[in-house]
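All chains are named by letter (A, B, ...) in the order of the sequence lines, taking the proteins before the strands, and each is independently numbered beginning at 1. The structure displayed is predicted, hence computed values, not measured ones.
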Number of protein chains: 2
Amino acid sequence: MHDEVAVKAWRELSRQYAALSCALESALQEQHKLGMSEFEVLDRLVGAQDCTGLRMQELGEQIHLSQSALSRTVARLEKDGLVERQLCTSDRRGVFVHPTDAGRERHAAARPTHRAVINTTLASSQ
Amino acid sequence: MHDEVAVKAWRELSRQYAALSCALESALQEQHKLGMSEFEVLDRLVGAQDCTGLRMQELGEQIHLSQSALSRTVARLEKDGLVERQLCTSDRRGVFVHPTDAGRERHAAARPTHRAVINTTLASSQ
DNA sequence: GTACGTTAGTTGCACGTGCATTGAATGCGC
DNA sequence: GCGCATTCAATGCACGTGCAACTAACGTAC
């Protein structure tokens with residue numbers, strides 16, 4: 001049936017996501033003391049060329065995380081000195097987040113791990 | 001670069017998983033008082049024709065959940081009267097889990113929702 | 001100006017998950 | 001028989017997440 005094809009697709013999606021997210025989580029944590037969500041945030045921040053950083057809202061659009069989870073993830077990164085929060089002057093409700101030098105270094109160190117894990121896990125799991 | 005193709009694949013995988021798991025979770029919870037993991041367990045149990053049920057270990061192979069998470073998921077299902085645990089007589093370390101009549105009913109009610117959410121979400125997200 | 005609805009981000013809380021440990025049962029070597 | 005490593009499942013604990021409530025700032029209407 002049509003339904004069963006879709007269910008198989010869902011299970012396959014689920015399997016791949018579990019394998020990859022689990023591998024990423026442990027590799028990043030073990031080798032770079034970074035959680036997967038934290039790396040994702042850093043990755044977007046460094047990827048965005050804009051030196052003023054990104055607003056929380058923009059981050060939220062790119063990363064699939066609830067607003068509260070994102071807020072705490074950024075708080076953890078800030079506590080570790082990897083990002084800084086800056087009040088947005090034009091709209092004082094907004095918060096700009098930008099990586100520190102330490103954050104850029106940590107990201108640069110972690111990125112090869114991230115890429116490698118994705119490549120090998122995706123290759124071996126299909 | 002090759003890496004960036006893989007990263008895009010990962011982000012796409014991540015996006016689809018988030019959309020679908022989130023939709024499933026809320027639909028199942030709202031309409032049938034079932035978490036996604038709980039439905040998955042029920043689905044496997046009902047799907048397995050063997051009347052004696054499945055061992056925890058077999059469930060663990062099919063569902064991507066840590067052993068402890070699976071143990072607690074089954075505990076929740078048991079508390080709600082949807083499954084029963086039975087000591088395995090041949091290997092008394094093992095535990096057989098099988099659905100109760102109420103479990104079968106709940107599963108039968110929830111399955112159409114599950115299938116529908118998968119179909120519509122997968123269709124609209126690619 | 002004031003009042004009201006909306007938007008941005010943070011926080012209290014409950015919950016599900018993973019890791020590590022524990023307890024019990026098994027199988028193997030002797 | 002007696003140990004000893006292994007396997008299965010349950011539990012203590014810490015942590016990340018989502019939901020709902022909250023605070024602060026903005027925009028609009030009056």
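- For the pair B/Val95 and B/Val74, the minimum side-chain heavy-atom distance is 4.5 Å or more.
- Residue A/His114 holds its NE2 atom at 7.0 Å from CH2 of B/Trp10, rounded to the nearest 0.5 Å.
- Distance, A/Leu59 CG to C/dA8 C1': 13 Å, rounded to whole Å.
- Residues A/Leu24 and A/Leu13 are members of one and the same hydrophobic cluster, defined by side-chain heavy-atom contacts under 4.5 angstrom among Ile, Leu, Val, Met, Phe, Trp and Tyr.
- A salt bridge is absent between A/Lys8 and A/Glu12; no separation between the charged side-chain nitrogens and carboxylate oxygens falls under 4.0 Å.
- Which of C/dT26, D/dA9, C/dA8 sits closest to the side chain of B/Asp91 comes down to C/dT26.
- Rounding to the nearest 0.5 angstrom, the gap separating the NE2 atom in A/His107 from the CG atom in A/Leu45 is 9.0 Å.
- Here the P atom of nucleotide C/dA8 and the CD atom of A/Glu58 are 11 Å apart, to the nearest Å.
- Annotation: side chain of B/Glu4 is in contact with side chain of A/Arg115 (closest heavy-atom distance under 4.5 Å).
- B/Arg11 and B/Ser14 form no side-chain donor-acceptor contact under 3.5 Å, judged by distance and modelled atom types alone.
- For the segment residues 74-90 of chain B, the set of residues with a heavy atom within less than 4.0 Å of an atom of DNA chain D comprises B/Arg85, in numerical order.
- Nearest-nucleotide mapping onto DNA chain D: of A/Glu38 and A/Arg92, the residue sitting toward the 5' end is A/Glu38.
- Comparing B/Arg55 and B/Ser26 against DNA chain D, the residue whose closest nucleotide sits nearer the 5' end is B/Arg55.
- Atoms CD (A/Gln29) and C1' (D/dG16) sit 12 Å apart, rounded to a whole Å.
- Counting non-hydrogen atoms of other residues, nucleotides and ligands closer than 6.0 Å to CZ of B/Arg55 gives a total of 12 or fewer.
- Sorted by residue number, the members of residues 64-73 of chain A with any non-hydrogen atom under 4.0 Å from DNA chain D read A/Leu65, A/Ser66, A/Ser68, A/Ala69, A/Arg72, A/Thr73.
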